[in-house]
Peer 1: 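Just dropping this structure here.
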Amino acid sequence: MRSFVEIQALKDLVGQEVWLRGWVRAIRSSGKIRFVELRDGTGSCQCIVEAGEPEAFAALEGCGQESSVCLGGVVREEPRSPGGVELAVSAAEVVQAGEEFPIARKEHGIEFLMQHRHLWLRSPRQTAILKIRHRIIQAARDFFDQQGFTLIDTPIFQPGAAEGAGTLFEVDYFGNPAFLAQTGQLYLETAAMALGKVYCFGPTFRAEKSKTRRHLTEFWMIEPEVAFYELKDLEGLSEAFICHLVQAVLTHNRAELEALGRDCAALEAVGMPFPRMTYSEAVGMLHDPELHGKLEAELAAEQERYAKLQKRIEEMDAELAGLMKAWKREKLTKEQQALREEAGDLERWLRNQPGHIEDAKRFRWGDDFGGDEETILSRQFDRPLIITEYPREVKAFYMKRNDADPRTVLNLDVLAPEGYGEIIGGSQREDSLEALQARMAEEGMDPAPYEWYLDLRRFGSVPHGGFGLGIERTVSWICGLKHIRETIPFPRMMGRMAP
RNA sequence: UCCAGCGUGGCUCAAUGGUAGAGCGGGUGACUGUUAAUCACUAGGUUGCAGGUUCGAGUCCUGCCGCUGGAGCCA
């Protein structure tokens, strides 16, 4: 009887005879010894097959990358093994000898990787991201569960186009138009009136034709909604929530963060309280000469960094000229390409930033923040930034008017640090029937399809509010990724549906 | 949708308008401590598609298709 164990448990099983099962990440042969790097989803382990075990040795003949195998043997400590332990194989069984695996252990272009997303998921980097994504989702559920929230599943097929029909995916629903959910919020409000504290978690769909590193057409959003909550309560909830997510990842996924090369110190800085400012204060900050001075200084520093990068790239050219080993030359070439990419990004930034600074100086109260304003503001802090009370014209009809400044609404956006942008958007909701009806009329909306929503303001209306957190943008920030497409197993983007 | 760039063996990339090449991966052989092993040999191509210019096009021109990056919009 075989007792299969997981690779992650091996360091506690030294000296014991066990079986492992998994996939061959790499196999090297030196004639009378084979090195099998086996992965099983919990980790990877070097397995040694010596010619002294002829049956096992022969069994692995012709067994290539990503073949599925079962290996039995004794676990032993071994400093020469990457994991510190290795399996001395005495029995081997090939479950299936795989065909030539398309993704070699070297650099590939993004198009090729995306076309092979189903196989790319097996790489160490992708499994690390998937594990962190899992942790963030689990921590989010735990957070709301611990605080007495009830999970409410809101519909994905929704009637009518609420805001901006162009941003919704239309589908045929038995001959009538229906739309894929853009948010569960309106339905969630009804549940908050039933249960007090509720949240929904599901996919949401945006038909915006956005081709950027921050956009997906299908992404996951977790949205709490709470009765008797006002804007201040939402601010507190959002910061506690984000801190909980970051802490969960720092506690359980150090290895994955390190595998991704993430700067953990930047995450450790994320603690309460988060900096807060109103939209009007943020506009004031954009106009502040002190900020302009800081931005100019930053610009100069980045210019210097750019010059250093260019110098290093040139030095590498010289090194390349002197290198004979082909594979070493290729390795250096790859490093150089990475630097070139970084230099290219930086060059673009340097080219655009002066314009952004000018935009900031000229920013007019009443405009919505663009990506560059958000980036300038959030980069002034080492933790997420909460901005509240935006002009009502740029925000949705259901947001509650701010009595202290009627030009604005009681909303909040939370911007992740390091330029990752908005990860939370939310608001206190308009709870006055008359005010909501007036706002809808102002927007030219037909109230008929919203009567059920207006009913919430007729039968025991209370102050309430909530927000939505985009899972993928959060994963992207916490993992320190350059593109959101790696944060979800099968990204759906403008112009990409496969696989 | 707009702007820019790129499409060459399985992959990553070379090739003044003049004989399509290298590395990796695959195959064969050698090697008992490899870490992207090393060494030798070997197979592998309608240069995205359709036209055009030219004695001659991977290279130049036009159109199309695909991809990538950026902008707007947003989580």
Side-chain angles (χ1 to χ4, degrees), chain A residues 25-37 44 46-53 57 62 64-65 78-83 86 88 99-116 163-164 166-167 182-183 185 203-223 325-334 337 341 344-345 348-349 351-352 355 368-372 374 394-396 413-416 420-426 467-477 482-485 487 493-496 498:
Chain A
R25 172 156 279 155
I27 183 163
R28 290 177 288 275
S29 181
S30 300
K32 299 222 171 59
I33 183 169
R34 293 192 207 278
F35 297 87
V36 178
E37 194 182 330
S44 73
Q46 175 167 291
C47 304
I48 305 301
V49 196
E50 296 184 7
E53 295 283 354
F57 192 83
Q65 189 187 351
E78 173 54 70
R80 286 173 296 185
S81 169
E86 67 180 21
E99 296 174 23
E100 184 185 336
F101 197 66
I103 303 179
R105 302 190 76 199
K106 57 174 294 188
E107 290 293 314
H108 293 277
I110 190 62
E111 182 185 354
F112 180 81
L113 290 172
M114 288 303 294
Q115 273 163 1
H116 296 82
E163 357 155 11
T167 68
Q182 190 187 36
T183 168
Q185 183 210 315
T204 94
F205 306 89
R206 303 278 165 97
E208 289 147 12
K209 296 191 172 175
S210 311
K211 277 187 70 172
T212 82
R213 56 180 75 178
R214 296 196 306 278
H215 285 87
L216 296 166
T217 54
E218 175 182 312
F219 64 96
W220 288 68
M221 189 157 67
I222 191 158
E223 300 173 82
K325 290 275 191 193
W327 74 268
K328 276 189 180 172
R329 203 159 59 219
E330 181 165 347
K331 188 176 174 182
L332 195 59
T333 305
K334 291 297 175 201
Q337 273 174 6
E341 200 177 310
D345 282 353
R348 190 168 29 251
W349 185 86
R351 191 152 30 84
N352 293 332
D368 201 359
F369 293 134
D372 46 336
E374 279 184 357
V394 302
K395 288 295 174 185
D413 278 3
V414 182
L415 308 181
Y420 279 91
E422 187 180 346
I423 53 173
I424 277 182
F467 58 78
L469 173 128
I471 292 292
E472 286 75 16
R473 283 193 182 172
T474 304
V475 173
S476 192
W477 163 50
K482 287 182 74 177
H483 202 297
I484 202 166
R485 65 185 154 219
T487 63
M493 296 175 294
M494 183 189 161
R496 181 169 290 282

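The basis for the numbers below is simple: all heavy atoms, side chains too, and nothing from hydrogens, waters or symmetry mates. First the proteins, then the strands, lettered A, B, ... as listed; each starts at 1.
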Peer 1: Can you check the A:Phe57 CZ to B:rU32 P distance for me, whole Å?
Peer 2: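 Atom CZ in A:Phe57 sits about 9 Å away from atom P in B:rU32.
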Peer 1: Looking at A:Glu100, is its backbone amide N or carbonyl O close enough to the side chain of A:Gln65 to form a donor-acceptor pair, meaning the two atoms are under 3.5 Å apart?
Peer 2: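 Here the side-chain-to-backbone pair does not exist.
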Peer 1: A:Phe112 CZ to B:rC6 C1': how many Å, rounded?
Peer 2: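 Going from A:Phe112 (CZ) to B:rC6 (C1'), I get 18 Å.
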Peer 1: What class does the angle between the rings of A:His108 and A:Phe112 fall in, given that below 30° is parallel, 30 to 60° is tilted and above 60° is perpendicular?
Peer 2: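 Judged by the thresholds at 30° and 60°, the geometry between A:His108 and A:Phe112 is parallel.
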Peer 1: By salt bridge (charged side-chain N to carboxylate O under 4.0 Å, His left out), which residues pair with A:Glu78, not counting sequence neighbours?
Peer 2: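 A:Glu78: salt bridge (charged side-chain N to carboxylate O under 4.0 Å, His left out) contacts with A:Arg80.
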Peer 1: Please state the C1' separation for the pair B:rU54 and B:rU59 - nearest whole angstrom.
Peer 2: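 My reading of the C1' atoms in B:rU54 and B:rU59 gives 13 Å.
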Peer 1: If I pick the C1' atom on B:rA14 and the same atom on B:rG21, what distance separates them, to the nearest angstrom?
Peer 2: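 7 Å, rounded to whole Å.
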Peer 1: Within the structure shown, what part of the strands sits under 4.0 Å from A:Ser29 by heavy-atom distance: base, sugar-phosphate, or nothing?
Peer 2: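 Counting heavy atoms under 4.0 Å across all strands, the contact made by A:Ser29 includes a base.
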Peer 1: Of all the heavy-atom pairs spanning A:Glu223 and A:Gly468, show the shortest one and how long it is.
Peer 2: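 For A:Glu223 versus A:Gly468, the nearest heavy atoms are CG-CA, 3.7 Å.
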Peer 1: List the atom of A:Met494, the atom of A:Thr217, and the distance in Å for their closest heavy-atom pair.
Peer 2: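 In this case the closest contact between A:Met494 and A:Thr217 is N-CG2, 3.8 Å.
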Peer 1: What is the per-nucleotide protein-contact pattern of nucleotides 67-75 of chain B, from the 5' end, where B denotes a base atom under 4.0 Å from a protein heavy atom, S denotes such proximity for sugar-phosphate atoms only, and - denotes neither?
Peer 2: SBSBBBBBB
Peer 1: Taking the C1' atom in each of B:rC65 and B:rG48, what is the distance between them to the nearest angstrom?
Peer 2: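 Roughly 7 Å separates the two C1' atoms.
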Peer 1: State which residues pass salt bridge (charged side-chain N to carboxylate O under 4.0 Å, His left out) with A:Lys482; sequence neighbours excluded, sorted by chain then number.
Peer 2: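 Result, salt bridge (charged side-chain N to carboxylate O under 4.0 Å, His left out) vs A:Lys482: A:Glu341, A:Asp345.
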Peer 1: Any base atoms under 4.0 Å from A:Pro82, or only sugar-phosphate, or nothing? Heavy atoms, all strands.
Peer 2: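 Result for A:Pro82 = base.
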Peer 1: When the nearest nucleotide of RNA chain B is assigned to A:Ile27 and to A:Glu100 on a heavy-atom basis, which residue is associated with the more 5' position?
Peer 2: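 It is A:Glu100, whose closest nucleotide lies nearer the 5' terminus.
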Peer 1: Provide, to the nearest angstrom, the distance between the NE2 atom belonging to A:His108 and the C1' atom belonging to B:rG23.
Peer 2: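 In whole Å, B:rG23 C1' lies 13 Å from A:His108 NE2.
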Peer 1: Could you tell me whether a side-chain N or O of A:Thr474 sits under 3.5 Å from a main-chain N or O of A:Gly470, the two making a donor and an acceptor?
Peer 2: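 Between the backbone of A:Gly470 and the side chain of A:Thr474 there is a qualifying donor-acceptor contact (under 3.5 Å).
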Peer 1: When you measure only distances, ignoring hydrogens and angles, does the side chain of A:Glu99 come within 3.5 Å of the base of B:rG26 through a donor and an acceptor?
Peer 2: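 It does not, because no donor-acceptor pair links the side chain of A:Glu99 to the base of B:rG26 below 3.5 Å.
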Peer 1: What is the distance from CZ of A:Phe35 to C1' of B:rU34, rounded to the nearest Å?
Peer 2: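 Result: 4 Å.
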Peer 1: Could you measure between the two P atoms, the one in B:rG63 and the one in B:rG25, and give it in whole Å?
Peer 2: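 So the two P atoms sit 42 Å from each other.
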Peer 1: Under the 3.5 angstrom rule, does the side chain of A:Arg206 hit a backbone N or O of A:Gln182 as a donor-acceptor pair?
Peer 2: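 Indeed, once roles are kept as given, a pair shorter than 3.5 Å links the two residues.
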Peer 1: Can you check the distance between B:rC61 and B:rG26, where both ends of the measurement are the C1' atom (answer in whole Å)?
Peer 2: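 Approximately 40 Å lies between the C1' atom of B:rC61 and that of B:rG26.
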Peer 1: Would you mind classifying the nucleic acid contact of A:Gln65 as base, sugar-phosphate or nothing, using non-hydrogen atoms under 4.0 angstrom?
Peer 2: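 A:Gln65: no heavy atom of the nucleic acid under 4.0 Å.
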Peer 1: Taking any heavy-atom pair under 4.0 Å as a contact, classify A:Glu78: base, sugar-phosphate, or nothing.
Peer 2: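 Since a base atom lies under 4.0 Å of A:Glu78, the category is base.
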Peer 1: By the 4.0 Å heavy-atom rule, please label A:Glu218 as base, sugar-phosphate, or nothing.
Peer 2: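 Here A:Glu218 touches no strand at all.
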Peer 1: Which dot-bracket notation, 5' to 3', represents the base pairing of RNA chain B when pairs are defined as Watson-Crick or G-U with both distances under 3.5 Å, crossing pairs as [ ], and inter-strand pairs as |?
Peer 2: (((((((..((((....[..)))).(((((.......))))).....(((((..]....))))))))))))....
Peer 1: Which residues pass the side chain to side chain contact (heavy atoms under 4.5 Å, CB included) test with A:Ser29, sequence neighbours left out?
Peer 2: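 Counting only residues at least two positions away or on another chain, A:Ser29 forms a side chain to side chain contact (heavy atoms under 4.5 Å, CB included) with A:Arg34.
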Peer 1: With A:Glu37, which residues qualify under salt bridge (charged side-chain N to carboxylate O under 4.0 Å, His left out), at least two apart?
Peer 2: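 For A:Glu37 the salt bridge (charged side-chain N to carboxylate O under 4.0 Å, His left out) partners, ignoring immediate neighbours, are A:Arg105.
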